[in-house]
Amino acid sequence: MASGVKPRVKVPSSASAGEAVTIKTLISHPMESGQRKDGDGNTIPRSIINRFTCDYNGKNIIDVTMEPAISTNPYFEFMATVPEAGEFQFTWYDDDGSVYEEAKAVSV
Amino acid sequence: MRYKTMTAVAALVLSAPAAFAGGADDDTLAIDGQEMVTKTTAPAHMEETGIDTIMSGWHFREDDTQSMQMDTFDNPGMIFVDQAMDAWNTVEGNAEKSCASCHEGPESMEGVRAVYPKWNEEAGEVRTLAMQINDCRETQMEAEPYKYDSAPMAAMEALISVQSRGMKVDVAIDGPAADTWEQGKDLYYTRTGQLELSCANCHEDNYGNYIRADHLSQGQINGFPTYRLKNARLNTAHGRFKGCVRDTRAETYAPGSPEFVALELYVASRGNGLSVEAPAVRN
Amino acid sequence: MDFTRRETLALGGAAALTFVLPFRANAATTEELVNEFTGGADIADAGVELTAPEIAENGNTVPITVSAPGASAIMVLATGNPTPPVATFNFGPLAASHEASTRIRLAGTQDVVAIAQLEDGSFARSAKTVKVTIGGCGG
């Protein structure tokens, strides 16, 4: 696992049923592209977060396939419909097999 | 844009492409709705410089970069503030203390960033925020000091700085700090390196102009530590000083050296009256 | 991660040398990637919107937004990068709009392309040229 990985998410704590809400996510990660070389000329192996998903009460909102061209500290902004009270689940999948998770409850 | 004296730097300055033309913009910076002072009357000690308005580096950036700083969440620098929050509460060192053991929450640091660097009577020296952080770590916590311009230091500076966001920079330059301030001023106007450039050649004589594709700012440090798009991390003021001096093709002073401490005091004083913006977002 | 100016230039250089360097021969081209996504279907010019700056102050962090009402997926490609894929956004049943924003890396001035698969299964394409400036002092 890349060191110091820290997810941040911004969602409203309450919404009315059926309301569309804006979600923002940011996670600290170097997103090593696999294109760079170290001081000795050796290629630094790729190490990125390759997938991000956001679900609400088990139903999917967005599922993103991420490539090395996503910037360091990946940022996403998108809109979700909140049909009833429940919980957002955010998941980031690292190349090295690590999974970073965050959850946010929403009242209606 | 008013005419400015051409110096050696002129050779480096490309004419600006049309889309970039002009100096600092007139936009207003509000962070989460809180308005910042990003342009104001220059402090009295700058009378001889011919600069009557001091401006945050924010004004010299493109709209997309500017907007990243206008929302605390969009600002990637805040990731490191979160990391420093963990460090704040982490017990380290032989005294088995954390920052929180003495200072409680980081909000107790409100106002601190605005007045640093600051004369420390007991130590008999001007201290930067970084020096004070390390003094706490070594003396109070009996822990290892952070490397002066390291990531954990930049993050801790950002956490402390953000408590003063919106407050006006107000560093003292008189009294016991006067000698250090004078030393910093001398350094500001001393040409260094093969290019023989001083801080003033770029940031006083040519702000608003282009140095290749980069828009020269007044070199204000009210936004430091700053998240730079270039390296996607927080950059300390001393780290930036080092980069500037190196780019004049000079051997640079070390971050944390007495020279850079003096320079920080002087440069900070040129921003007296601007809001603390740290962690700002810059190119 | 840190990209020094030299490394960023090297990235751009690698992009320019796509047809010369043998190790690049394995990387899928933009055309291949588009065909893979669409299955070779026709692509309309309307139906997907791509928002990107005309001039990016730094190629390391370029904000983009893609939007395609009703789309099930939107693929973004940076045609001038050493490897063109950037991201594919797949929208689920609770997506309130088929729009997403992120920040991407561009190795130099180039076209960024968005291809969307629309509600009826057809495809739409949009492209934007983004100029990437190279800093002066770089620090």
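Quick caveat: nothing in here was measured; it's all calculated off a predicted structure.
- Here the CD1 atom belonging to B:I79 is positioned 10.5 Å from the NZ atom belonging to A:K6, to the nearest 0.5 angstrom.
- The neighbour count for B:Y253 OH, taken as heavy atoms of other residues, nucleotides or ligands under 6.0 Å away, does not exceed 12.
- For CD of B:E142, the number of neighbouring non-hydrogen atoms (other residues, nucleotides, ligands) closer than 6.0 Å is greater than 12.
- In this structure, the portion of B:D86 lying under 4.5 Å from any heavy atom of chain A is its side chain and not its backbone.
- Atoms CG and NZ, on B:D71 and A:K10 in that order, are 4.0 Å from each other to the nearest 0.5 Å.
- Looking at every heavy atom in both residues, A:T72 comes nearest to B:A232 through CB-CB, 3.5 Å.
- Scanning all heavy atoms of the two residues, the minimum distance from A:R8 to B:D82 falls at NE-OD2, 2.9 Å.
- Heavy atoms of other residues, nucleotides or ligands lying less than 6.0 angstrom from CD of B:E144 number 12 at most.
- Taking a 6.0 Å sphere around CD of B:Q34, one finds it holds more than 12 heavy atoms contributed by other residues, nucleotides or ligands.
- From B:F73, atom CZ reaches atom OG1 of A:T25 across 6.0 Å, with rounding to the nearest 0.5 Å.
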